[in-house]
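Accompanying notes for the structure given below.
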Amino acid sequence: MKDAMEQYSDIEIIKRVLDGELGLFEVLIRRNNPVLYKIGRSYGYTHEDTQDLMQDTFVDAYRNLSEFEGRSSFKTWTSRIMLNNCFHKRQKFTFKNEMPADINDNSIPMYSNNQNNLAYRSIITKELGAVIENALHELNVDYRMVFSLREINGFSVKETAELLSISESNVKTRLNRAKTILRKEIERSYKAEEIYEFNLVYCDAMVQNVMQRLKKLADVKGEK
């Protein structure tokens, strides 16, 4: 599997998975685990809830893999699914402050300060990362999601605009505003990859859980 991680592009892996090589989907999971995790945590979900959303997102991606047209990267495509799942989960459980600030702007629901997030704080061992995470959650969710997608996950301005259904100029404005608000913390030279870090231990478990679900789906499909 290590060779596949280095040898094949996402497009090549997708083609092979569609041709029946289900095991290669593991590569797509490992490549996208960190991005989806950071999206879920930035959205305001706990470590546990984020992992559940990630599993659902990978399963949704597999079920709709034949519809992937390659017009955007697989990372962008799965991130859009993750964002949709985050939004629908928030709607389903009707958390406080769930309503968008501006429905016409397709804004994402406001962050709910769930006390369960305190439990995950113990996982974070890097003090600097914790400082940035705490500061991020003080931001309006519109600014936080732009900052997360651009600075933490490395999406381009265009990709971020597409994911959040806003203009590219809005992305730049919100990012600048977020950086202004976070300037004191940002100037302390943090490493973006340390924020909402998805530990390898969790990555392995995520792969195992998702692949078990996909094999069940494949078995059911084969029985038909």
Could you go through the side chain to side chain contact (heavy atoms under 4.5 Å, CB included) check for I14 and L24 one step at a time?
CA-CA 8 Å; I14 289 169; L24 282 178; over 6 Å; no

Start with the C-alpha distance between S73 and D10, add both sets of side-chain angles, then the distance that settles side chain to side chain contact (heavy atoms under 4.5 Å, CB included), and finish with yes or no.
CA-CA 8 Å; S73 67; D10 287 350; 5.9 Å; no

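- Residues W77 and N64 have side chains in contact (heavy-atom distance under 4.5 Å, counting atoms from C-beta outward).
- Using a 4.5 Å heavy-atom cutoff, the side chains of Q55 and L36 are not in contact.
- A distance of 6.5 Å separates NZ of K75 from CG of N153, quoted to the nearest 0.5 Å.
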Can R31 and F74 be said to form a side chain to side chain contact (heavy atoms under 4.5 Å, CB included), step by step?
CA-CA 10 Å; R31 286 179 178 175; F74 186 76; over 6 Å; no

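- Y143 contributes no side-chain N or O that, together with a main-chain N or O of R177, makes up a donor-acceptor pair within less than 3.5 Å.
- Scanning all heavy atoms of the two residues, the minimum distance from R150 to T160 falls at CD-OG1, 3.3 Å.
- Within the model, atoms CG of L149 and CE of M145 stand 5.0 Å from one another, a figure rounded to the nearest 0.5 Å.
- The CD1 atom of I81 sits 12.5 Å away from the CG atom of L53 when rounded to the nearest 0.5 Å.
- Look at R213 and D56 and you find a salt bridge, because one of the NZ, NE, NH1 or NH2 atoms lies within 4.0 Å of a carboxylate O, short of that distance.
- A distance of 10.0 Å separates CG in D52 from NE2 in H47, rounded to the nearest 0.5 Å.
- Residues N32 and F58 have side chains in contact (heavy-atom distance under 4.5 Å, counting atoms from C-beta outward).
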Determine, step by step, whether Y202 and N33 satisfy the side chain to side chain contact (heavy atoms under 4.5 Å, CB included) criterion, reporting the C-alpha distance in whole Å, the side-chain angles of both residues, the deciding distance to 0.1 Å, and the verdict.
CA-CA 9 Å; Y202 305 127; N33 266 336; over 6 Å; no

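- The two atoms that bring D142 and R174 nearest to each other are CB-NH1, 3.7 Å, heavy atoms only.
- How far OH of Y37 is from CD1 of I152: 12.0 Å, rounded to the nearest 0.5 Å.
- Seen from the ring of Y8, R16 counts as a face-on cation partner, given the 6.0 Å and 45° thresholds.
- Judged purely by atom type and a 3.5 angstrom limit, S148 has no side-chain atom pairing as donor or acceptor with the backbone of R144.
- L22 and M211 make their closest contact through O-CE, 3.5 Å (heavy atoms, listed as atom of the first residue, atom of the second, distance).
- Between V207 and I29 the shortest heavy-atom distance is CG2-CG2, 3.8 Å.
- Between Y62 and L28 the shortest side-chain heavy-atom distance does not fall below 4.5 Å.
- Inter-residue side-chain proximity for R80 and E162 is flagged as met; some heavy-atom pair is nearer than 4.5 Å.
- Nearest heavy atoms, S42 versus H137: O-CE1, 4.3 Å.
- How far CG of L175 is from CG of N170: 12.0 Å, rounded to the nearest 0.5 Å.
- Using a 30° and 60° split on the angle between ring planes, Y45 and Y43 fall in the parallel class, below 30°.
- In this structure, the side chains of V146 and I166 come closer than 4.5 Å at one or more pairs of heavy atoms.
- In terms of heavy-atom proximity, F25 sits nearest to V17 at N-CG2, 3.7 Å.
- Between D204 and R30 there is a side-chain heavy-atom pair separated by less than 4.5 Å.
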